[in-house]
Amino acid sequence: MHDVAIVGAGPAGMAGALQLARAGLSVVVIDEQARAGGQIFRRPPEEFGVRHGQYRPYGWARDLIEDFEEHPLIETRFRQTVFGILRDPEGQISLAVSDGQRGTRIKARRVLLATGAYDMPVAFPGWTLPGVMTAGAVQSLLKSQKLLAGRQIVVAGSHPIQLILAAQLLEAGADLAAIALARDLPGFLEMARTLPAIPGNVSIFTEALRAMAVIARHRVPLLRRTLISAVEQTGEGPLRISLRKVDAQWRPVGTAREFEADVLALGYGFTPSTELARQAGCALSWHSAGGGWTVQHDDNFRTGVQEIFVAGEQTGVAGAGRAHAEGLVAGQAIAHSLGVGADPLEVNRAQALLKSSERFAGVMQTMFEPNRTALADLSHHSATVICRCEEITSGQLEDALTCNPFLTSASAAKLECRTGMGVCQGRYCEGTVAARIAMHHNTQIAQAGHFNAHLPVKPVPLGAYGDLDH
Ligand SMILES: Cc1cc2nc3c(=O)[nH]c(=O)nc-3n(C[C@H](O)[C@H](O)[C@H](O)COP(=O)(O)OP(=O)(O)OC[C@H]3O[C@@H](n4cnc5c(N)ncnc54)[C@H](O)[C@@H]3O)c2cc1C
């Protein structure tokens with residue numbers, strides 16, 4: 001049995017693992033990816049023969065990865081998926097893990113969930129066509145395989161990461177037909193409000209300015225207050241991407257403008273990966289600016305389930321700096337809960353990092369919160385698919401809502417019309433379904449709640465599931 005099992009080797013998981021290992025505790029870290037780094041520090045696989053990727057603007061990433069990879073008390077299991085959290089009759093907690101073929105249980109005294117976030121999906125006419133991708137997927141191909149998803153690309157979204165992605169694509173040789181941002185560029189007052197976030201985060205602001213300079217140098221049209229509206233494709237031809245001018249509330253004004261491209265890279269925000277926390281019985285809170293449903297925790301990042309702690313994007317999408325700081329604090333708290341005290345200097349350092357990253361996260365979350373109602377409204381055409389796994393259309397959901405006035409929650413919609421019952425277990429459709437229910441009943445999205453998560457939270461072969469009994 002390990003002292004601590006950590007799910008996720010991103011900045012939060014790596015920072016937590018190092019704190020624990022340095023305190024002399026045995027740690028196992030499981031991650032679906034081929035190497036440590038998480039989403040932001042994704043690297044090519046070892047077979048490419050390069051140890052490090054591009055970590056700008058986070059100067060600390062290189063040392064974090066090296067210290068993590070070299071620590072003798074940290075055992076790593078890559079290319080493995082944690083598909084559930086179990087409790088045996090004696091009360092012992094364990095992780096259900098699949099290597100893609102077989103299943104195994106990993107027992108630990110404590111669990112740290114550092115599973116990060118995924119791109120927020122948005123449903124609109126044509127969103128399931130090949131070539132319509134999330135910004136994170138386009139970036140993952142570039143970071144891990146050095147591949148451009150297409151030659152001609154349109155970037156659309158509202159998250160600041162779109163500008164960073166655009167610059168990365170341009171520098172890799174892509175031709176960007178347009179960058180469409182749903183919001184305006186920050187005005188003077190908004191910029192003034194970012195001032196408290198600058199101390200400790202200068203490199204991030206510098207990186208954003210650098211990205212803007214690359215975009216300007218390549219003369220890419222930067223369309224402000226412009227929202228995706230639909231995508232069409234004839235045969236093998238290019239995507240025809242309709243973008244519409246919107247007002248400050250993201251309501252359409254004026255006619256659509258069409259662009260042609262091989263790929264549309266969409267980035268309206270991120271959604272915390274809370275499926276394991278949900279399945280384990282941890283309570284969630286609604287925090288729209290933080291990405292939607294986030295895992296409830298105390299000041300030590302302990303959840304309502306005694307042995308389970310969380311760190312990183314699951315507590316609210318807030319960037320790599322805060323994920324790293326939370327990993328440090330959670331690692332120290334877990335060590336303390338197992339009777340091992342931390343060096344007071346380390347504790348102070350972690351708390352200071354947490355404070356400065358929280359200032360930054362607060363400003364960013366407020367400035368770039370997606371307009372969830374406007375985005376869900378893009379799916380209102382009755383033929384638009386909402387749940388792509390079960391192929392449930394907008395019209396089917398609307399019919400169910402009209403026929404059954406008591407259908408007021410995402411879980412009820414799942415039972416009534418199967419949205420969220422497919423292989424992705426609702427990761428694609430939950431946000432749209434909840435927002436559409438709220439729009440139908442004229443209530444808040446939070447009131448529609450979330451889908452429950454059950455074992456297995458991610459698709460695994462039946463054999464892996466069966467192995468757990470042994
Ligand atoms: C695709 C993508 C690209 C991003 N790119 C950037 C960027 O360029 N710049 C930026 O500032 N921010 C980026 N972000 C935001 C980024 O998530 C955070 O800044 C930061 O990486 C969060 O760190 P974390 O440790 O909380 O989680 P992550 O870095 O996301 O790490 C979580 C890890 O958990 C693993 N995991 C999750 N569930 C399981 C499971 N069930 N079993 C096994 N392993 C699991 C994942 O494989 C992942 O490696 C990106 C996010 C995404 C989703």
Side-chain angles (χ1 to χ4, degrees), residues 5-17 29-43 53-58 61 64 68 76-85 95-100 106 112-121 133-144 159-165 167-168 201 203-204 207-208 211 265 267 269-277 279-280 291 294-295 310-328 330 357 360-361 364 425 427 453 455-460:
I6 299 181
V7 191
M14 287 190 290
V29 183
I30 306 111
D31 197 301
E32 291 171 320
Q33 291 197 43
R35 295 177 100 172
Q39 302 290 6
I40 181 161
F41 306 133
R42 191 182 284 270
R43 294 176 286 166
Q54 171 58 259
Y55 307 137
R56 213 176 47 226
Y58 299 101
L64 177 68
F68 173 82
T76 51
R77 302 208 185 172
F78 289 108
R79 295 189 166 113
Q80 301 200 14
T81 300
V82 179
F83 62 95
I85 299 181
L95 303 181
V97 182
S98 164
D99 64 4
I106 296 182
L112 174 59
L113 296 178
T115 49
Y118 55 95
D119 296 86
M120 179 179 136
M133 298 174 71
T134 62
V138 171
Q139 197 192 44
S140 297
L141 270 179
L142 198 57
K143 283 182 181 172
S144 65
H159 197 274
I161 232 169
Q162 293 300 84
L163 299 176
I164 308 284
L165 171 68
Q168 288 168 343
N201 299 296
S203 61
I204 303 177
E207 181 64 9
F270 295 105
T271 305
S273 291
T274 56
E275 55 278 349
L276 280 171
Q279 183 263 323
T294 58
V295 182
V310 277
E313 307 283 57
Q314 285 176 91
T315 68
V317 175
R322 200 177 85 175
H324 176 231
E326 287 190 0
L328 294 176
S357 61
F360 175 78
M364 289 296 131
Q425 287 290 288
R427 277 187 286 272
L455 186 91
V457 300
K458 290 196 173 182
V460 289

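Each ligand, and each atom within it, is numbered from 1 in the order the structure gives. For the numbers below, each heavy atom of this structure counts, side chains included, while hydrogens, waters and symmetry mates do not. Numbers here simply count residues along the sequence, with the first being 1.
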One line per pair, note the atom names and distance for all nitrogen or oxygen contacts under 3.5 Å between ligand 1 and the protein.
unit_1   : atom_1 : unit_2 : atom_2 : d
ligand 1 : 5 (N)  : Gln139 : OE1    : 2.8
ligand 1 : 8 (O)  : Gln139 : OE1    : 3.4
ligand 1 : 8 (O)  : Gln139 : NE2    : 2.8
ligand 1 : 8 (O)  : Lys143 : NZ     : 3.3
ligand 1 : 17 (O) : Glu313 : OE2    : 3.3
ligand 1 : 19 (O) : Ala320 : N      : 3.0
ligand 1 : 25 (O) : Pro11  : N      : 3.3
ligand 1 : 25 (O) : Ala12  : N      : 2.9
ligand 1 : 26 (O) : Glu313 : N      : 3.0
ligand 1 : 29 (O) : Gln39  : N      : 3.0
ligand 1 : 41 (N) : Val82  : O      : 3.0
ligand 1 : 42 (N) : Val82  : N      : 3.0
ligand 1 : 44 (N) : Glu32  : N      : 3.1
ligand 1 : 47 (O) : Asp31  : OD1    : 2.8
ligand 1 : 49 (O) : Asp31  : OD1    : 3.2
ligand 1 : 49 (O) : Asp31  : OD2    : 2.7
ligand 1 : 49 (O) : Gln33  : NE2    : 3.0

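- Gln33 places a side-chain N or O within donor-acceptor distance of the main-chain N or O of Gly38, the cut-off being under 3.5 Å.
- Nearest heavy-atom pair across Ala5 and Leu95 is CB-CD1, 3.6 Å.
- The shortest non-hydrogen separation linking Pro121 to Thr271 is CD-OG1, 4.3 Å.
- When all heavy atoms are compared, the tightest approach of Ala117 to Phe270 is CB-CB, 4.0 Å.
- Applying the side-chain contact (heavy atoms from CB on, under 4.5 Å) test to Ser144 and every residue at least two apart in sequence or in another chain returns Arg42.
- A side-chain N or O of Gln139 and one of Gln168 form a donor-acceptor pair less than 3.5 Å apart.
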